[in-house]
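Below is one structure, written out as structure tokens; the observations come after it.
All chains are named by letter (A, B, ...) in the order of the sequence lines, taking the proteins before the strands, and each is independently numbered beginning at 1.
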Amino acid sequence: MLIQLTRGAGQRPSSLLYQRWAIILAAIAGCPSAAAGTSDFDASMFSFSAFGTFGMVHSSDDQADFTAGIFSPNGAGHTHAWSSDVDSRIGAQATADITSRLSAMLQIISQQNYDNTYTPHVEWANIKYQLTPEVSVRVGRTVLPSFLFSDTREIGYSNPWVRPPIEAYSLVPIDHSDGLDASYRVHYRGLTNTLMTAFGNEKSGTPAGLPNEARRLLVIADTVEYGAATLHIAYQQTYVSVDALDGLFEAFRQFGPQGVALADLYNVHDRLVRFMGIGAMYQPGQWFLLGELGSTDFHSVLGKSTAWYVTGGYRLAKFTPYVTYSAVKADSNRSDPGLSLTALPPSLVGPATGLNAALNSILGSIPVQNTTSLGLRWDFVRHLDLKLQYDYTRLGAGSPGTLANLQPGFVPGSTVNLFSATIDFVW
Amino acid sequence: MSRPLVRSNNRVALTITGLALGLAMSSVRADVVAVVSSKSSLITLSKSQLADIFLGKTQQFPDGSPAVPIDQEEGARVRDEFYVVFTGQSPAQVKAHWSKVIFTGRGKPPRTVSNSEEVRKMITVNPQAISYIERSAVDSTVKVLLQP
């Protein structure tokens with residue numbers, strides 16, 4: 001339960017931040033000097049777009065919830081037989097082309113927040129300057145291109161599935177950066193290479209009492225496109241703190257050298273987290289094949305995990321059936337003997353047992369599972385699609401997988417059937 | 001023993017040939033051509049170079065000069081044909097592609113005009129412009145660069 005809430009920093013910034021960005025964007029847009037170069041104010045410099053998804057999900061396991069991600073309070077299964085919270089969202093974007101080189105974008109999304117509200121948050125808010133036709137820099141908030149679909153995972157219409165395979169996409173706990181990024185894009189003989197790097201921080205107050213922080217975020221990603229083929233490689237590192245776990249490890253430190261050693265090994269205070277991912281996609285038109293492999297090392301109690309998936313699909317007029325296999329495994333230990341009780345005075349055996357149990361409950365929730373999915377996309381009318389997807393998930397031995405809200409009757413290592421239906425639109 | 005097998009293989013082969021022909025037919029029937037201004041110095045362009053320009057992967061012609069793609073309106077038959085024939089993508093795939101680009105702030109789709117006459121007008125005043133029209137709409141102001 002704790003780990004479901006704490007694996008990474010929060011993604012739901014306060015509405016205060018949103019207001020601040022809205023003011024900045026409005027100021028830039030209205031600033032007369034920013035419009036210098038054009039003889040008069042040009043309303044056509046603004047463009048507006050929107051996207052959204054309405055989805056319903058049913059899970060066969062009523063003793064746990066299938067959720068949209070680690071920040072979602074509930075979902076399908078235990079809380080709702082059919083949940084519309086998992087996939088439903090709506091987003092709106094304004095872009096301003098201030099000059100031929102300077103532009104600004106603001107994108108807000110309303111979806112289920114950690115506190116079960118739908119208060120919109122700022123997904124993107126940045127100012128971009130095109131230094132040369134090849135080089136651009138951005139300041140502000142961007143979404144990181146960790147996996148092939150990370151920065152468009154909310155745009156259901158542009159994705160082949162109902163949602164990106166959860167095994168892989170839940171590996172990346174930090175998906176935003178507030179900072180600076182630079183992109184270098186070259187096109188040579190039909191080959192397009194885009195190299196980008198980003199530096200930033202992410203801080204947000206998430207569930208009560210769990211302020212999370214990611215500092216000194218560094219991302220380097222390279223994307224090669226050649227005709228119908230795309231290759232993507234990303235490296236990401238950051239220093240993550242989960243303050244809510246500090247108390248646990250402080251308690252361990254009271255138990256002498258063995259407690260200090262455990263706290264040093266497992267604490268989540270300014271710990272280096274590294275992610276490496278590689279993905280490839282081939283979509284010549286009638287059919288497509290894509291796959292990704294990624295690994296995250298939290299260097300802490302949150303463990304080290306590796307995940308991969310493969311998806312293939314075939315387009316028959318307006319119908320695109322697809323199949324996916326995805327899996328996540330733990331590369332680190334999922335249990336620990338913890339404090340040795342034999343050397344302890346009897347009065348400390350109880351507290352030590354409690355600490356060991358807390359440590360092992362976090363280690364045990366490192367997800368291990370694999371899923372086979374069958375789906376169908378139907379482009380039934382322009383700008384709208386309908387997707388149906390069936391997921392058969394096998395949880396690893398003793399593992400709750402990526403499920404949340406585990407109830408007393410929950411059986412780790414069982415199998416779960418998931419039925420999803422979504423309608424996506426773009427405007 | 002082997003005869004029924006051979007026959008069923010033939011039937012499969014025939015079905016596949018039929019399907020392939022059906023797919024090929026749809027492109028044979030296409031009546032869309034890629035055009036530039038008759039004053040343009042551009043002589044040839046490959047299908048993949050054309051696709052890269054219209055999908056925003058490059059902003060330049062192969063000779064390095066700037067390329068300005070002009071689209072026809074969404075839902076226009078000539079537009080749907082153009083993308084299927086020259087990029088191999090359905091209208092929904094093209095829309096999905098541009099959604100990815102727009103909602104990540106990486107760029108924006110080509111400027112849109114309402115019909116082939118408008119395309120010709122745009123191309124006449126802008127030698128860097130490139131677009132597509134029905135074969136029947138070709139006149140002396142434009143040069144056909146690529147046809148299906």
Side-chain angles (χ1 to χ4, degrees), chain A residues 47 49-51 91 93 95 97 103-107 123-124 126 128 133 136 138 140 142-143 145 149-152 154-160 183 185-192 194 225-228 283-286 288 315 317-318 320 377-385 424 426-427, chain B residues 16 19-20 22-24 26-27 45-68 73-77 79-80 82-112:
Chain A
S47 47
S49 327
F51 60 88
Q93 176 172 314
T95 309
D97 292 310
S103 61
M105 77 178 281
L106 175 69
Q107 185 186 113
E123 182 83 352
W124 299 76
N126 60 70
K128 177 176 165 185
S136 62
R138 293 189 291 195
T142 55
V143 178
F149 291 82
S150 290
D151 55 2
T152 55
E154 316 283 19
I155 324 294
Y157 188 87
S158 68
N159 298 340
S183 165
R185 183 179 167 95
V186 285
H187 184 84
Y188 180 73
R189 288 180 179 262
L191 190 142
T192 308
T194 310
E225 295 163 272
Y226 184 75
Q283 40 184 4
Q286 212 65 32
F288 66 88
R315 188 163 58 87
K318 293 184 183 301
T320 312
R377 174 185 174 133
W378 178 26
D379 287 290
F380 65 104
V381 61
R382 195 144 49 94
H383 301 180
L384 282 166
D385 75 58
D424 303 304
V426 284
W427 174 77
Chain B
I16 291 169
L19 276 171
L23 292 173
S26 62
S27 34
L45 197 66
S46 74
K47 206 164 142 178
S48 64
Q49 285 165 341
L50 181 70
D52 283 351
I53 289 169
F54 273 86
L55 295 175
K57 290 177 181 170
T58 180
Q59 283 75 45
Q60 295 175 336
F61 288 116
D63 68 359
S65 62
V68 181
E73 275 178 350
E74 281 186 83
R77 196 192 146 97
R79 174 183 167 128
D80 291 352
F82 170 76
Y83 280 101
V84 169
V85 171
F86 292 101
T87 73
Q89 298 200 19
S90 69
Q93 286 174 298
V94 174
K95 189 71 187 171
H97 165 76
W98 283 111
S99 299
K100 279 180 82 82
V101 174
I102 291 165
F103 293 119
T104 53
R106 288 202 294 260
K108 54 182 196 175
R111 188 171 164 183
T112 301

Against chain A, residues from residues 55-65 of chain B with at least one heavy atom under 4.5 Å, in numeric order, are Gly56(B), Lys57(B), Thr58(B)
Against chain A, residues from residues 95-105 of chain B with at least one heavy atom under 4.5 Å, in numeric order, are Lys95(B), Ala96(B), Ser99(B), Lys100(B), Ile102(B), Phe103(B), Thr104(B), Gly105(B)
Taking the side chain as every heavy atom from C-beta outward, state whether Thr95(A) and Lys108(B) have any atom pair closer than 4.5 Å.
no
* **Which portion of Ser90(B) sits near chain A, non-hydrogen atoms under 4.5 angstrom** =>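 Its backbone and side chain both get close to chain A.
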* Ala92(B), part contacting chain A, at a heavy-atom distance under 4.5 Å ->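 It is both, since atoms from each part get that close.
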- Reported CZ-to-CD distance for the pair Arg315(A) and Gln93(B), which is rounded to 0.5 angstrom: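 If we round to the nearest 0.5 Å, Arg315(A):CZ and Gln93(B):CD are 4.0 Å apart.
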**Point-to-point distance, once rounded to the nearest 0.5 Å, from CD of Gln49(B) to CZ of Arg189(A)** =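 Rounded to the nearest 0.5 Å, the CD-CZ separation comes to 9.5 Å.
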Turns out that what part of Asp97(A) lies under 4.5 Å from chain B's heavy atoms comes down to side chain
When the 4.5 angstrom heavy-atom criterion is applied to Asp379(A) and chain B, the contacting part is side chain
Assert top hit (heavy-atom pairs under 4.5 Å, partner chain B, pool Ala50(A), Ala228(A), Pro133(A)) equals Ala50(A)
I'd like to know whether CZ of Arg382(A) has more than 12 heavy-atom contacts from other residues, nucleotides or ligands below 6.0 angstrom. yes
